[in-house]
Amino acid sequence: MPELPEVETVCRGLAQRLVGRRLRRVEVRRADLRQPVPPDFAARLTGRRVLAIDRRAKYMLWHLDDEAVVLGHLGMSGRLAVKADPAAPPATHDHVRFETDDELVVVYNDPRRFGLLLLATEATLAGHPLLRELGPEPLSAAFTAASLRERLGGRRGPLKAALLDQTVVAGLGNIYVCEALYRAHVSPLRPAGALSAAEARRLVTEIKAVLSTAIAAGGSTLRDYVQADGELGGFQSQFVAYDREGEACQSRTCRGGQVITRIVQSGRATYYCPRCQK
DNA sequence: CACACAACCTGTCAGC
DNA sequence: TGCTGACAGGTTGTGT
């Protein structure tokens, strides 16, 4: 999916276009996403004004003018994009269509239907089952080496899997975990609970750095990810580990003396350098 | 509680 | 060209 930087990019793009606008028409063309779109979704959104759009982990939050909040997730293949031609017929996998009072059309398209669009309220948001257990935002001041080590304490499974656990830190996915571990020179195979303070500091620093850089570049572009305005993100070319199996490791210590290796952990691909990631 | 794994659904790509 | 199988950014439920 869209990991945190991609969701952030989509949120910013959508906010520019939607905040202050009123939703004139909402059409649910296909409700069977990861969780069903509520039957009253369209009715409850119609006529509402969008006050703000923000993000928690990989969830998107649309705050409406009646205390309702749209809770969205893009899953693996979801996109929310402004339709260039509002009059064009729906594309394959266009599941939900939002039309504003100024003729803007935003479409939720999701081939795999792993995403979701739900409704909550401002009052129930914090306690929502999907948000309740989430760990700290990695770009917040609350995410520190000390807090990370505390959450990893007692875990003997591999660090890679622990960092993908959204209750440890919220918003990382497979790509940025690989990239952050690589940049921090920490092995994905290390038992999560055995991280030293210095390693945790490096890791936290690199997690923040890689996410910030990716957001600044407008997210990354994989097969089916597009920003809110349909533009491609610019970060993909900056991956130094992810999907680079067999390529020379560029780190200062390796100097091309080792190649990026692909292994499988918990059923997911991990890319790392066995020499400089200890 | 921690962890591995399968499942959810569809598209793409490599190999035959 | 067509078929088959592996694989893909995520999350959740089940079983050990």
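Residue-level contact check: A:L130 touches the backbone only, with heavy atoms under 4.0 Å from sugar-phosphate atoms and none from bases.
Qualifying side chain to side chain contact (heavy atoms under 4.5 Å, CB included) partners for A:P158, counting only residues two or more places apart in sequence or in other chains: A:A161, A:Q265. Under the side chain to side chain contact (heavy atoms under 4.5 Å, CB included) criterion, A:H95 pairs with A:R30, A:L33, A:H93, A:Y108, A:D110, A:R113, not counting sequence neighbours. Under the side chain to side chain contact (heavy atoms under 4.5 Å, CB included) criterion, A:H185 pairs with A:R202, A:S251, A:C276, not counting sequence neighbours. When the side chain to side chain contact (heavy atoms under 4.5 Å, CB included) test is applied to A:L51, the partners found at least two apart in sequence or on another chain are A:D65.
Of the possible donor and acceptor atoms, one in the side chain of A:S140 sits under 3.5 Å from a partner among the backbone N and O of A:A142.
Below 30°, between 30° and 60°, or above 60°: for A:F98 and A:W62 the angle between ring planes is between 30° and 60°, a tilted geometry.
An OP1 or OP2 oxygen of B:dT10 is reached within less than 4.0 angstrom by no side-chain nitrogen or oxygen of A:H93. Note on A:R34: a side-chain N or O is less than 4.0 Å away from OP1 or OP2 of C:dT12. Dashed line: the shortest gap from a side-chain N or O of A:Q166 to OP1 or OP2 of C:dT11 is under 4.0 Å. For A:R262, no side-chain nitrogen or oxygen approaches OP1 or OP2 of C:dA6 to under 4.0 Å.
Of the candidate nucleotides B:dT10, C:dG10, C:dA8, C:dG10 has the atom lying nearest to any side-chain atom of A:F114.
The pair A:E199-A:R190 counts as a salt bridge, with a side-chain nitrogen and a carboxylate oxygen less than 4.0 angstrom apart. A salt bridge is defined here as a Lys NZ or Arg NE, NH1 or NH2 lying under 4.0 Å from an Asp or Glu carboxylate O, and A:K208 with A:E206 fails to meet this definition. Looking at A:E6 and A:K58, no side-chain N of the basic residue comes within less than 4.0 Å of a carboxylate O on the acidic one, giving no salt bridge.
A ring-ring contact (aromatic ring centres under 6.0 Å, His included) with A:Y271 is found for exactly one of A:F239, A:Y242, A:Y182, namely A:Y242.
Atom-to-atom, CG of A:L116 to P of C:dT11 comes out at 10 Å; the value is rounded to the nearest Å. The CZ-C1' distance, from A:R113 to C:dT11, rounds to 16 Å in whole Å. For the pair A:L74 CG and C:dG10 C1', the interatomic distance rounds to 11 Å; values are reported in whole Å. If you measure from atom CG of A:D94 to atom P of B:dT10, you get 15 Å, rounded to the nearest angstrom. If you measure from atom OH of A:Y59 to atom C1' of C:dG10, you get 9 Å, rounded to the nearest angstrom. The distance from atom CG of A:D110 to atom P of B:dC8 is 16 Å, rounded to the nearest whole Å. Atoms NZ (A:K58) and P (C:dT12) sit 10 Å apart, rounded to a whole Å. Here the P atom of nucleotide B:dG11 and the CZ atom of A:R79 are 12 Å apart, to the nearest Å.
A gap of 24 Å separates the P atoms of C:dT12 and B:dG11, to the nearest Å.
Both key distances under 3.5 Å define a Watson-Crick or G-U pair, and stretches of 3 or more such consecutive pairs in DNA chain B run B:2-8 with C:10-16, B:10-16 with C:2-8.
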Between protein and nucleic acid, restricted to nucleotides 2-4 of chain B and to nitrogen or oxygen atoms under 3.5 Å apart, what atom pairs and distances do you find?
| from | atom 1 | to | atom 2 | distance (Å) |
| --- | --- | --- | --- | --- |
| B:dC3 | OP1 | A:R156 | N | 2.6 |
| B:dC3 | OP1 | A:G157 | N | 2.4 |
| B:dC3 | OP2 | A:R155 | NE | 2.8 |
| B:dC3 | OP2 | A:R155 | NH2 | 3.1 |
| B:dA4 | OP2 | A:S266 | OG | 3.4 |

